[in-house]
Amino acid sequence: MESSNINDLLRSKISNKLQDDTNSNVINIFYEEIKNDVKVSKIVIEVMYLTSLYVNSFLSQKYLNEEEFNLNLSKLLQYKSVDEFINKLDYNTFKMLCNDTLYFNSSSYYAKKKFILSTKNCYNDILSISNNYLNDVVFYVKPFTNKNIINKYNLEYNKTNNSLKAVNDTIKYVISLLKELELEDTDNYKLLVNDIISTYYTYGRYMLLNNKKLSFQNIKILENIDENWINSFEMFDNESLKYIIKNYLSFLMLDDDKKMKISDFMNKKDNKYSTCFDDIDNPNTKIRKFLKSLFNDVDYYNENKLLKNIDNIKILKNSDLFDLIVEVLYTDAIYSEFMNNLGYLCTRIVNIEYEYIKNMHSIKEFKNYLYENDLTMLRFIKNSIEFDDAYLMDKKDILGCVDKKSFELSNIYLFDKISYAKPFDMNEVHSIYKKNLDSFKDKNLVIIRSASDLSIDLLDLSYYDSKNYKDMFYKVLEIYYKYNKYLISINEVISLEN
């Protein structure tokens with residue numbers, strides 16, 4: 001179970017105690033308990049004290065003319081330790097702590113985040129009083145992720161011991177939170193929405209392919225995602241969102257072995273495209289890699305190489321893969337117009353062929369067009385290889401420009417949309433290295449080339465998605481730091497620059 005913020009667990013328990021409808025004198029009784037057992041109650045008062053600091057700090061900044069909040073904040077910050085605060089704690093101050101704790105606990109996630117961020121100007125002062133302050137800072141300042149959603153479910157389940165109620169309460173919480181994030185933190189919103197959509201879509205397709213029971217509403221939602229792959233919930237009403245988040249939550253609660261089983265199935269057993277290259281997720285990429293293995297040395301000016309490639313095309317036309325290859329070549333022919341604009345292809349024939357195939361009426365017509373001319377097909381294969389070799393960020397740019405209207409004859413571009421919509425992560429770094437390892441024998445050359453490729457991707461990422469760039473830069477820097485510290489620890493010589 002992913003651990004929650006211990007301070008929030010305590011606030012929840014305190015709030016439940018204070019909301020006891022059967023006892024109108026609950027604050028008085030609670031106060032006496034605190035005074036009679038200070039040692040046991042210290043952690044409780046410490047959390048309440050911090051909570052009151054957050055609330056009064058935020059309200060003093062929001063309502064500048066309300067002197068009450070400034071006075072409360074000053075009063076709380078005058079102490080040097082929690083012990084000193086407890087020794088001088090009076091009933092009126094305790095009552096304020098109770099009210100502030102109830103107020104904080106009943107607020108939304110993003111409101112709580114605002115409360116804590118409001119204390120940044122007195123960060124050192126608060127930290128000198130209570131190290132426990134860091135628990136809240138770390139928990140609320142970092143981006144909201146699926147771990148927080150699991151935490152919320154666990155918190156609700158622990159309250160009621162009712163899984164159905166916990167799921168429903170979590171769904172309401174996530175829908176409300178997403179609306180807040182969309183307004184207040186768009187970077188976090190996009191990351192979370194993309195994770196929800198990607199996970200829901202993958203899990204839903206897994207269930208369909210394995211004849212698992214799936215409601216009509218979920219099937220309809222999957223169809224809508226197929227047709228409108230976007231990083232937004234604007235296309236869904238609240239009722240649809242409930243289905244999406246429920247299935248998303250169901251996936252998150254699976255054990256790691258089950259998740260791995262689903263991932264392996266979707267990577268290796270996914271419909272008709274799983275013909276080759278089991279280690280590649282995207283079925284379109286499987287075809288491009290396959291073409292690259294056969295046609296990577298295309299040279300129109302070398303007769304022997306050209307004849308060899310023409311022979312390979314003839315073999316390809318009679319293979320079982322040909323229909324799949326045609327769809328990928330059609331997709332990449334549409335991409336080629338955008339690749340041309342980015343400078344990967346600089347030829348007038350790209351524009352002419354792009355306009356020509358856009359006016360075709362069926363994929364069969366495009367297939368016949370390729371079938372009639374081997375050199376034409378070879379040119380389209382070269383386009384596919386160029387797309388496969390393009391930098392990740394250029395692929396993102398290309399896919400950001402295309403939509404369903406660009407593809408009248410086939411919709412397999414959706415696999416690329418899904419594949420390249422995910423944030424840039426360390427898996428991409430490994431892919432860059434592996435790609436160069438396959439191309440060069442000299443390991444030093446592989447490292448130099450990979451470093452250059454990664455630098456270009458990170459530079460593009462800094463313009464494309466600053467939040468993703470900062471996350472990646474931190475991870476790269478962390479590895480760099482740990483590796484050099486390790487070299488120093490074993491007395492390896494490192495350069496002055498490092």
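- At a threshold of 4.0 Å, the pair Asp471-Lys475 does not count as salt-bridged, since none of the basic side-chain nitrogens sits closer than that to a carboxylate oxygen.
- Taking the ring centre of Tyr173 as origin, the terminal cationic atom of Lys152 falls inside the region bounded by 6.0 Å and 45° from the ring axis.
- Side chains of Asp457 and Val429 form no contact here, defined as non-hydrogen atoms less than 4.5 Å apart.
- Contact check for Leu461 versus Phe473: no side-chain heavy atoms found under the 4.5 Å cut-off.
- Counting heavy atoms from C-beta outward, Tyr157 and Ser163 have side chains that approach closer than 4.5 Å.
- The aromatic rings of Tyr79 and Phe85 sit perpendicular to each other, their planes meeting at more than 60°, with 30° as the lower class boundary.
- Counting non-hydrogen atoms of other residues, nucleotides and ligands closer than 6.0 Å to OH of Tyr483 gives a total of 12 or fewer.
- Taking the side chain as every heavy atom from C-beta outward, Leu71 and Lys75 never approach each other to under 4.5 Å.
- Using a 3.5 Å distance cut-off with no hydrogens or angles, the side chains of Asn148 and Asn151 do not pair a donor with an acceptor.
- The closest side-chain heavy-atom distance from Ser450 to Asp453 is not below 4.5 Å.
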Test ring-ring contact (aromatic ring centres under 6.0 Å, His included) on Phe387 and Tyr335; report intermediate values, then the result.
CA-CA 8 Å; Phe387 179 79; Tyr335 293 157; 4.7 Å; yes
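- For Lys112 and Tyr54, the positive end is not near the middle of the six-membered ring at less than 6.0 Å and at most 45° from its axis.
- Checked against the 6.0 Å centroid criterion, the rings of Phe69 and Phe58 do not qualify as a close aromatic pair.
- Heavy atoms from other residues, nucleotides or ligands lying under 6.0 Å from NZ of Lys159 number more than 12.
- The two residues Leu178 and Leu192 come nearest to each other via the heavy atoms CD2-CD2, 3.8 Å.
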Begin with the C-alpha distance, continue with both residues' side-chain angles, and end with the deciding distance and a verdict on ring-ring contact (aromatic ring centres under 6.0 Å, His included) for Phe144 and Tyr189. CA-CA 9 Å; Phe144 190 95; Tyr189 171 78; over 10 Å; no
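- For the pair Leu181/Lys190, no side-chain contact is recorded, criterion being any heavy-atom separation below 4.5 Å from C-beta on.
- The cationic atom of Lys259 (NZ for Lys, CZ for Arg) lies less than 6.0 Å from the six-membered ring centre of Phe251 and within 45° of the ring axis.
- At a cut-off of 3.5 Å, with distance as the only test, a side-chain donor of Ser57 or Ser118 sits close to an acceptor on the other residue.
- Ring pair Tyr140/Phe104 is perpendicular by interplanar angle, where above 60° counts as perpendicular and below 30° as parallel.
- Proximity of Asn99 to Leu18: side-chain heavy atoms (C-beta onward) are nowhere separated by under 4.5 Å.
- By the 30° and 60° cut-offs, the orientation of the rings of Tyr123 relative to Tyr133 is tilted.
- Residues Asp90 and Thr93 bring a donor and an acceptor atom of their side chains to less than 3.5 Å of each other.
- For the pair Met96 and Ser52, the tightest heavy-atom approach, listed with the atom from each and the gap, is CE-OG, 3.6 Å.
- Remark: Lys95 fails to qualify as a cation-pi partner of Tyr31 under the 6.0 Å distance and 45° angle criteria applied to the six-membered ring.
- Two residues are said to be in side-chain contact when any heavy atoms from C-beta on lie closer than 4.5 Å; Asn135 and Asp8 fail this criterion.
- Remark: the Asn498 side chain and the Tyr480 side chain contain an N/O donor-acceptor pair separated by less than 3.5 Å.
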